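First the structure, in the form of C-alpha cells, and then the observations on it.
Residues take their numbers from the sequence shown, with the count starting at 1. From a predicted model like this one, the values you see are computed outputs, not experimental measurements.
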Amino acid sequence: MSTLESNSKFSLVSSGELQVSHVSPHKRVIGKVFGSINRRWEKHTVVLTDTQLYSQEKYGIFSMPIFLDLIQHIDVVTVSTWEPAINSAVQLRFTDGIVLLQANGPYERDQWFHSLLWKFSVLNHKKSLKMTSCPEIIAKELKSLVKIALKSQLHDPQVWTDCLVLISNQLNHTNSLPPNALEEIIEALGPALIQLNPPTPELCDFFSRYCRDGPCAATAVVVFAPGVHSILKHNVDFGKYTYIRTFARDFIIALASQDACPESLPCFVHTMHSPGARCPHPRVLPNLMAVFLAAIWSAFDTKCSYRRNSSVNLLLGSNRTEITNNKLPKEKVTNCFMKMIELCATHEDWVKEMAPLLHPIPFPEEALKFPPFVMGMVNVLKRFAGDQRPEVRECLFPMREGKESWIQLIAPDHNCCPDDGKTFCDIVRTLLERASVRRKLVRQLAHSCLDAFRLMVIRGDDFFVRMLSEMLESDVIEDKDQKEQALSTLCSNTDGARLYRAMCDRQAALCNLAQLGGPTKLTMPAHSTDTDVEKVLSSGPFGNLEKLSLAFTCVTSDCARHLVKLPNLQHLNLWCTQFGDTGLCLLAEHCHRLKSLNLCETLVTDEGLLALTELKTLTCLNLNSTKLSAQVFEELVNKLPALASYDIRYTEACQNKEGTYIRDGKPAQNGSDKHLQAGMYDNKKGLVDGPFLKYSPIPDRKHDEGDKDEKDDEMPDNDASSHSQSNHSTQWNGKNLPTFTLRSNRKMGNKSAQKAAAEGKQ
C-alpha cells in the first residue's frame, strides 16, 4: 500500500524517468529468491497515454509498448529488504509476469500509482459500456465512474475531462433510458458541476435537455442547484463557454415551471444574493444578467437586429450560436426572466449595478414591441425612478444625443407604450419628488419627452398641463419652433390658457420689478417671519438688490419662493434661521447669480446641499454647524469651480476618519496644516488667522461672538440697530477680523498675549 496519507492530492502524470524491472512468475520459493537477487533495473523515460505505456528509448522491457487493457492488477509493493536503496515500487501484474516501476521518491511513486489506476479504470469502463445496451447496466457503470472520479486522489482538471467526455459520448449514443435510470445518472453527475473544471458541451446539452424535457424537473432542480450556484458565483467566461450559460438558462426556466413551489424563484434569488445587505459575490449579478439577456435574445432575436445592436456584446460574448439556434417560447421566457429581473431589483445593492447594465436598453426591438415584456419592465423602471441615488435615476434618460431611453419607450407617443401613459405619469411624478434640482430634471424631460407632454395636455391631463406651463416659465425649451408648439398646445386647454395668463402676469411683474431699480442692500430685522419678508419684498421695487441678510430671523424654506423673484441677488445671509433643504433646492434652481451664501446654523442637510452644485458662480460658502458630510463636501469642492473660501467648522466634513482635517477637499498631511483644525480656509488669502493662531471655541459654549462675526464676514451689512438684542454686528467688506483665542507655537507672557489679542481684534 502507499505510504502517503490518504488525503494527499496529486496531479495527473503523463511522463517521467523511472527505474523499470521485469519479474518472471516463479512458483517455487527458490526461484523467487534467485529472481530477486539477479533482478536487473533499466532506466527509461516512460510516457503514459489513455491506452498504453511506452518508453522514448525503446529498448529492453519497453522494446514494445505495454497496453493497459492487458494489466490484471495495479498495486504498491515492498521490494526485497536486501536492496535498501529501493524500498517499494508500483507493481503491474500481467498473465506472463510482473513489471515494477520505481520512481525517485515516495510522492512521485504514488503519483504514478494513482495516474495508472485512473487510466486503467476509465479503460475498463469503456470496455464495459461497449459490451452492453442494457439501460440499467449503463446507468450503473456511469455512476461507478463518477464515484471513482469523486474519490480519486488526483486533483487534476483532466480527470473530470476524461470522465465527462466518456459520459457525454455514452449519453449521445443511448437512444432511450428509463426515467429511473435517468434520475440515477443525474444524481450521480450532479457533483461534477461544482468541480473546478467546467463541464463539457455534451454534458451541458444533456443537462439542458433534461431541464426542458425531463420527466421530473424537481429532481433536476435539487441536483443541479449547487452546480448552478457555483457557476454564477465564479468568474465564468460565458463568451467562451456559451453552453454553460444555456444550461443555467434552462435551469432557471425549469425552476420557474414548478407549479408546486411558486416561491422557488424568490428563494433562488435570495440564496444567490445571501441574507446580508450586500452580496459578497461580485460576479453573481453580471452573470445573472448575461443569462437573462441571452434568454431574451434567444426568444426574440433575428440575425439582422442582433448585428445592429452592439450594446449586449460585452455581456453575451462573441460566440452566439446558441442564441439563434435554440428558440424559446416568448411568453414563457417573458414571464420567467422579467420576474427574475424584478426580484433582483428588490436588493438595493444590486439596483446600483443593474442600472448601468440596463441603461442602453440591451434588448431586441421585437421584445420591446411585445406588450407583456414591456409591462414586465414597468416595476423595475418604477424602482429605478424611486431610488435615492441620482446615478440610478439617470438610467431612465438617454445615454447620449439621439439614443433612445426608457422614459421615451413608456411615453404615450411611442408605439411601445403599454398603458396609454399611466406608467409614464407615475414615473415622472416620482422623479420630480426625488429630484434635488427640479429645474435640471424639467430640462431633461423637455429635451427628451416634450411631444409626450403635449399629447397628455391635449388629452386633458391636469398634471401635464402644469408641467408644460412650468417648462415654458422656466425657459428650458431651447428650440424656438418647439416652444411655439408647446405654447399653442398649452393654450388649447382651458386650464392651460389660465396658467399661461398668470405666467405672463408674473413675468411682467418681474420685468417691471427689475426695471424699477431699488436698493442694493437690505437687512431684515431680527425675528422677522416669512410673512414679513413677503410684505417687504412686495411693497417696493427691489430689482437692483444684490445683498440680502436674513440672519437671526425666523424665516423658513417658505420664503425661498419670494427670494427667487430677485433677479440680481448675489449675496445671501441665512445665518441662524430655520431655512431647510426645500428652500435651498429652490434657490439653486433659480438664483444662478449667487456669489456668497451663509448657511451657518441652519437646518440644511446633504440632500439639499447637493443642489448647490448648480451654482457655478458661488465663491464663498459658509456651512458652519450644519449636517454636512465629508462625501458631500468633497463633491461640492469638485463641482464648484469658482469656490474660493468656505467654512465647515463643527461639521462631519471638518474631520476625516484618521483624525486629520480637510484643506481644499484634501486631508492635511503629517500635521503640516495644524491651523486648518478650525475647518476654514481662503484660497486667495490663505489661512485667515495667521501662521501662529488657530480658532478655539470658548469653554462651555459652542461658538463665541468672534466666531459669529467671522461667519458673517462675507455676508451683507447688518443693521446694528436691528440686531441690538443679540449684540451682533457684521460688516460686508470684511475689514474687521473676528475675535479669536490666541495660541502661539511658544509660550507667551501675559503682556504679549494681551498685545496679540488686541491686534487680532483690530
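Donor-acceptor pairing under 3.5 Å is recorded for the side chains of H414 and E404.
Counting heavy atoms from C-beta outward, F552 and H527 have side chains that stay 4.5 Å or more apart. No side-chain heavy atom of K521 sits under 4.5 Å from any side-chain heavy atom of H571. Side-chain contact check for V564 versus C591: some heavy-atom pair is nearer than 4.5 Å. Here the side chains of F397 and L441 are in contact, with some heavy-atom distance below 4.5 Å. L285 has its side chain within reach of M354: a pair of non-hydrogen atoms, C-beta onward, lies under 4.5 Å apart. The closest side-chain heavy-atom distance from T602 to Q578 is not below 4.5 Å. By the 4.5 Å heavy-atom criterion applied to side chains, W406 and M377 are counted as neighbours. When side chains are defined from C-beta on, T626 does not count as touching E601, because their heavy atoms never get closer than 4.5 Å.
The ring of F300 has its center no closer than 6.0 angstrom to the ring center of F363. The aromatic ring centroids of F337 and F373 lie 6.0 Å or more from each other.
Side-chain atoms of T619 come within 3.5 Å of backbone N or O of K595 as a donor-acceptor pair. Within the 3.5 Å criterion, the main-chain N or O of G580 finds no donor-acceptor partner in the side chain of T556. Side-chain atoms of D606 come within 3.5 Å of backbone N or O of S629 as a donor-acceptor pair. Of the possible donor and acceptor atoms, none in the side chain of T334 sits under 3.5 Å from a partner among the backbone N and O of P372. Between the Q408 side chain and the S405 main chain, a donor and an acceptor come within less than 3.5 Å of each other. Between the side chain of S474 and the backbone N or O of M471, no donor-acceptor pair lies under 3.5 Å. The closest donor-acceptor contact from the side chain of E546 to the backbone of N568 lies at 3.5 Å or more, if one exists at all. Without hydrogens or angle criteria, R393 side chain to D387 main chain gives a donor-acceptor distance under 3.5 Å. Between the side chain of D581 and the backbone N or O of T605, at least one donor-acceptor pair lies under 3.5 Å. Side chain of S298 to main chain of A294: a donor-acceptor pair is present (N/O by atom type, distance under 3.5 Å, no hydrogens or angles).
Between W350 and H273, the ring planes lie perpendicular to each other; the angle is over 60°, past the 30° to 60° tilted range.
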### Message
Applying salt bridge (Lys or Arg N to Asp or Glu O under 4.0 Å) to E348 and R278, what does each step give before you reach the verdict?
### Response
CA-CA 8 Å; E348 187 174 356; R278 296 191 61 84; over 6 Å; no
### Task
Mind running salt bridge (Lys or Arg N to Asp or Glu O under 4.0 Å) on R454 and D413 for me, showing each step along the way?
CA-CA 9 Å; R454 292 177 54 212; D413 62 327; over 6 Å; no
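No more than 12 heavy-atom neighbours from other residues, nucleotides or ligands sit within 6.0 angstrom of NE2 on H447. Around atom CD of E391, more than 12 heavy atoms belonging to other residues, nucleotides or ligands sit under 6.0 Å away.
Minimum heavy-atom separation, K352 to V392: CA-CG2, 4.0 Å. Between L623 and L599, the closest heavy-atom pair is CD2-CD1, 3.8 Å.
With respect to the salt-bridge test (charged N to carboxylate O, under 4.0 angstrom), the residues E652 and K627 do not qualify. Salt bridge D426/R429: absent, no basic N to carboxylate O contact under 4.0 Å.
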